[in-house]
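Residue numbering restarts at 1 for every chain, and letters A, B, ... go by the order of the sequence lines.
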Amino acid sequence: MGAALHIVPPEERVRRMEAAESLANDPQAQAELALMARVRDGDREAVIGIVERYQDELIGFFYHLCWDQTVAEELAQDVFVRLYNARERWQPTARLRTWLYRIAHNLWIDHLRRKRSLVSIDAERGEEGMRLADVLEAAPQADPDARERDAQIRERVRGALAELPEGQREVFILANDQGMKYHDIAAVLGIPEGTVKSRMHHAVRFLRDELADLVEQSS
Amino acid sequence: MSTDPLLKAIARGDANCPDGANLARLGALTRAAGAVPGRQRDLRASVARALGDGDSREDEDSVARWVDGAADPALDRLRDVLGRAGGPRPADLRDRVRRALAPASLRMTPQQAERTGRRWRLVAAIAAAHVAAFLLFTTLSDRPDQTGSGPAAPRAAASTASGTIQAPTWERLHELGGDLLAPRRSELARETARADARLGDSAPAVGRLVAWLIAHQDARSGRISAGGAVDGDRMIAAQALAALALLGEGAGDQTRLARARLALGPVAAAMAGAEPIGPAALSASALALVEGALVTRDPELQLTARAGLLRLTRELPGRPHEGGLAGLGWLAIEAAAAGGLETPRGALEAARNRIAKPLPHLAADQGRLGLAAYARQTLGMGAQTSTRDQVNALAGQPPALDAAGRADPLAWFLSGLAVHAEGGPAWSAWADGLRSALLPLLASEGAGLARLPAERMRHGDGDDVLSTAAAILALQVPYRYAVPSHAATP
């Protein structure tokens, strides 16, 4: 234990102490700690409390990575199952949200590895280029031109995000869509904060260039 | 030049290296082929870009401040634009996670059941059948009708002995919260239903036929094709029937389910397209989408099925058509309603009146008779004289090959549903006929694959997908839908 402490750089020790302090002062974090303590004791119903709290944002996280509702739901579900299965490894010093996203990140990596063998109708585009679900979703909009324009913009934005390298995309989604700070993203992805900063910067620059005309129009 | 002995040997040979001559030859060969990966990349442009990017650090800091919550109009606009990519629909994962976390003894999957061995499976199947029959008897049977004098008294009591999963009329089944697809929800239920229908020995054949369909599916487009010259309606119908055949095996096997979902892709695309689709293909496609939604319980597929039902309702066939094939469209709407999917207003009544209820002549083809009889059974009219006549007519002509030695599995599917709901000696004779007519026609293809050659099916010209899918459907009759339980009432 002592040896382990010695190899932790002083600034990292300070950061950890600050994190522990902020955890102790955050009532939501305290409630989650209590919930996780129940999970660690094998209380399955406590997991459902966590599902209720985090399902939307985890589905959103995966959805923005794959644009596939079913895959997003399946992966989000797996996060909670894995959280339960790995409950004994959880440390009370870790924020639950960070822990969940670490699991989510690992699941996403696993998913990418076996992606070739995975198939889903949601990812499947018909030869006519539009899914029935898209048609139905767009139905309430009276103006077909506006519908067409929206569909084009959606495709362009999704295309631009899909073109980002995987590491940058994940950082960008965690920061932009999930509202995470750099140090949390670094903890989730297990990379230095500087790398997060640089990936985010590159991602923003790429998207700004790629979607310059849309950004211009929106102003 | 590298100091690494191996690289040195590759570069110019090395007498001290045991395999120096070969390594030198390898080096010469790769150099001759110009294979020096990564060495000749021109980095000038990227370095110039990096050097020219003087305000990169400042940019990084401004992005960091924005992430921390500081306002930045340009980046805020970018965020607005990115928001137009759309988000997911809300979903409630609580029950799914609960099920996934349930102790293994409570959620034995078909795969796990497979591993526990055949003996245990048979014991469990019998137990499951009794439990299922008991539960259905106590929760789903329509007691007032049973004791009443009406013609639709259920025969759920008889089902406790047989193990077949039975239900009252489909409408009542839905009101009671029953599951129309219960017989195919697990391997055990399917096995029980097959055994109960005296078709237990057809399981390996169904497995090989399903494997053949999967082996002929394009892993990207989902299209199932055996290379024959089929297009238009026939291709859509074959694709839809193949998807139905895969869905008939339930949702336990994730690979098979993924293939079934994939097979629905071209069906959904055809239904979303502007091209006209004939009544049979339209009906089969709608049924495939509805069953896809019901089997997977996937909200996205439910949305797709609803859209398919909209098109079907708009272009609803005005009559049952040859072989009763438009009956698949009625089945789609009826199954959607019984399964809790939203159906377009008036669709159910229109489908019943135009397709299901018209009385066929007793000399009509088997498919047409089967559709009429089965529709009446599911609508609570199983005891009416006309239905009895239809069922008797079907029972009198169990599956047999025509003069040219061809089977008619599509007709046998529709009529099989009615005869199976009837049960008793009529079904026993039917099952024997089906087995002896159909199974010998199957052609083995490699290890574990089998197909029904198109030339051995009536109207089966084209490739073997349609004929193979139809053969599977005919054999899946015992576990396709919960059996309407009033059928045998005199």
Side-chain angles (χ1 to χ4, degrees), chain A residues 44-45 47-48 51-52 55-56 59-60 62-64 67 69-70 72-73 76-78 80-81 84 117-122 124-128 130-137 150 153-154 157-158 160-161 175-177 180-182 197-198 200-201 204-205 207-208 211 214-215 217-219, chain B residues 56 59-61 63-64 66-68 73-75 77-94 96-98 100-102 219-222 258-259 261-262 264-266 268-275 289 292 296 298-301 303-308 310-311:
Chain A
R44 292 190 185 87
E45 213 39 44
V47 181
I48 304 304
V51 173
E52 218 166 308
Q55 59 181 354
D56 290 344
I59 291 173
F62 287 122
Y63 184 79
H64 286 113
W67 305 114
Q69 176 86 20
T70 312
E73 285 178 22
Q77 178 189 328
D78 287 350
F80 300 113
V81 174
Y84 182 78
S117 60
L118 278 180
V119 286
S120 161
I121 188 176
D122 303 333
E124 170 69 18
R125 301 285 153 154
E127 281 163 8
E128 283 72 20
M130 217 169 169
R131 295 175 303 167
L132 278 174
D134 292 335
V135 176
L136 211 67
E137 269 175 9
D150 279 357
I153 291 174
R154 188 168 64 231
V157 173
R158 289 184 178 190
L161 282 165
N176 184 58
D177 299 310
M180 272 195 189
K181 305 296 177 211
Y182 282 170
K197 192 174 177 182
S198 143
M200 182 66 185
H201 165 243
V204 167
R205 196 167 61 173
L207 291 170
R208 212 163 36 184
L211 304 170
L214 294 178
V215 174
Q217 279 167 27
S218 81
S219 67
Chain B
S56 173
D59 254 15
E60 248 180 49
D61 289 340
V63 171
W66 177 65
V67 169
D68 273 338
L75 292 175
R77 280 200 300 277
L78 176 65
R79 180 176 280 160
D80 287 345
V81 168
L82 290 166
R84 298 178 75 173
R89 287 185 307 283
D92 192 347
L93 301 178
R94 284 175 300 179
R96 285 157 66 171
V97 173
R98 258 195 205 103
L101 294 180
R220 289 187 67 80
S221 69
R259 291 306 195 137
R261 289 173 62 93
L262 189 63
L264 289 172
M271 289 289 269
E275 292 296 312
L289 294 178
T296 62
D298 172 1
E300 178 83 12
L301 275 179
L303 203 60
T304 308
R306 272 179 54 202
L310 277 175
R311 175 161 186 181

Query raised in the report: Among B:V97, B:V81, B:L93, who wins on heavy-atom pairs under 4.5 Å with chain A?
Result: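 Between B:V97, B:V81, B:L93, the count favours B:L93.
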
Query raised in the report: Side chains of A:E73 and A:Q77: is there a donor and an acceptor less than 3.5 Å apart?
Result: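 No - no donor-acceptor pair under 3.5 Å links their side chains.
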
Say whether, by atom type as modelled, one donor and one acceptor occur between the side chain of [X] and the main chain of [Y] under 3.5 angstrom.
X	Y	result
B:R311	B:M271	yes
B:R84	A:R154	no
A:H201	A:K197	no

Measuring heavy-atom distances to chain B, does [X] have an atom under 4.5 Å in its side chain, in its backbone, in both, or in neither?
X	value
A:A76	both
A:L207	both
A:V47	side chain
A:N176	both

Query raised in the report: Where does B:D68 contact chain A at under 4.5 Å (heavy atoms): side chain, backbone, both or neither?
Result: both

**Report entry** B:R98 atom CZ: more than 12 heavy-atom contacts under 6.0 Å
**Finding:**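 More than 12 heavy atoms, drawn from other residues, nucleotides or ligands, come within 6.0 Å of this atom.
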
